Amino acid sequence: MAFSTTWSVVDLDNKKHGELTNIVAIGVKCTVTEGSYKGEWSSRFKIGSADTTSSDYIGFSSITEAQALQWVKDKMGSTAIDEAEMYGRMVINTQKSPAAGTSDNSLPW
């Protein structure tokens with residue numbers, strides 16, 4: 001089976017500045033699946049003070065999940081994105097292969 005990867009926003013923190021509500025942090029999750037197996041990676045990204053005069057400013061009530069994900073992925077870069085997805089695949093491979101030489105951590109006497 002092939003791995004399938006999805007990214008989602010799991011949290012948006014906001015802070016009110018006068019009459020504007022700005023996003024201050026974005027929580028994201030990367031979910032990798034293969035059949036019934038699932039591996040997940042999640043993190044939070046802080047955003048600095050928003051420039052409300054910028055032509056590309058997006059207020060809290062107008063942001064979409066796609067915009068938030070794109071911002072996070074731009075900040076992460078392709079290497080970190082690949083590593084997050086590889087972590088999910090590693091979790092799945094661990095689930096599929098029972099650990100050799102498992103121990104119950106009991107004392108030998």
Side-chain angles (χ1 to χ4, degrees):
M1 289 191 135
F3 291 105
S4 168
T5 304
T6 57
W7 287 81
S8 58
V9 174
V10 293
D11 187 39
L12 281 178
D13 288 349
N14 64 70
K15 185 174 183 181
K16 190 134 178 102
H17 295 282
E19 295 199 15
L20 298 172
T21 302
N22 295 325
I23 300 161
V24 294
I26 300 172
V28 295
K29 179 169 58 172
C30 172
T31 304
V32 179
T33 57
E34 183 187 32
S36 62
Y37 296 101
K38 179 168 67 171
E40 296 178 329
W41 171 92
S42 61
S43 189
R44 294 180 51 75
F45 294 85
K46 290 188 176 188
I47 300 173
S49 299
D51 178 2
T52 58
T53 62
S54 173
S55 63
D56 63 351
Y57 171 77
I58 302 170
F60 180 77
S61 62
S62 300
I63 194 154
T64 65
E65 181 176 25
Q67 291 165 324
L69 284 173
Q70 189 59 52
W71 181 87
V72 168
K73 287 181 174 184
D74 289 347
K75 296 297 180 190
M76 286 178 68
S78 60
T79 300
I81 290 169
D82 290 345
E83 289 173 354
E85 293 174 356
M86 282 190 291
Y87 176 79
R89 290 191 293 272
M90 180 194 70
V91 170
I92 289 171
N93 288 332
T94 301
Q95 293 169 3
K96 291 165 58 174
S97 303
T102 57
S103 170
D104 64 4
N105 292 329
S106 61
L107 297 173
W109 55 86

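Residues take their numbers from the sequence shown, with the count starting at 1. Just so it is clear, the structure is predicted and the values come from calculations on it, not from any experiment.
- Summarising the hydrophobic clusters (Ile, Leu, Val, Met, Phe, Trp, Tyr; side-chain heavy atoms under 4.5 Å, direct or chained), the residues clustered with W41 are W7, V9, L12, I23, I26, V28, F45, I47, I58, F60, I63, L69, W71, V72, M76, I81, Y87, M90, V91.
- The minimum heavy-atom distance between E85 and C30, with the atom names listed, is CG-SG, 3.7 Å.
- Applying the salt bridge (Lys or Arg N to Asp or Glu O under 4.0 Å) test to K38 and every residue at least two apart in sequence or in another chain returns E40.
- In plain terms, the two heavy atoms of A25 and R44 that are nearest each other are CB-NH2, 3.4 Å.
- Clustering of Ile, Leu, Val, Met, Phe, Trp and Tyr side chains at separations under 4.5 Å places Y57 together with L20.
- Note that CZ of R89 and OG1 of T5 are 6.0 Å apart. Values are rounded to the nearest 0.5 Å.
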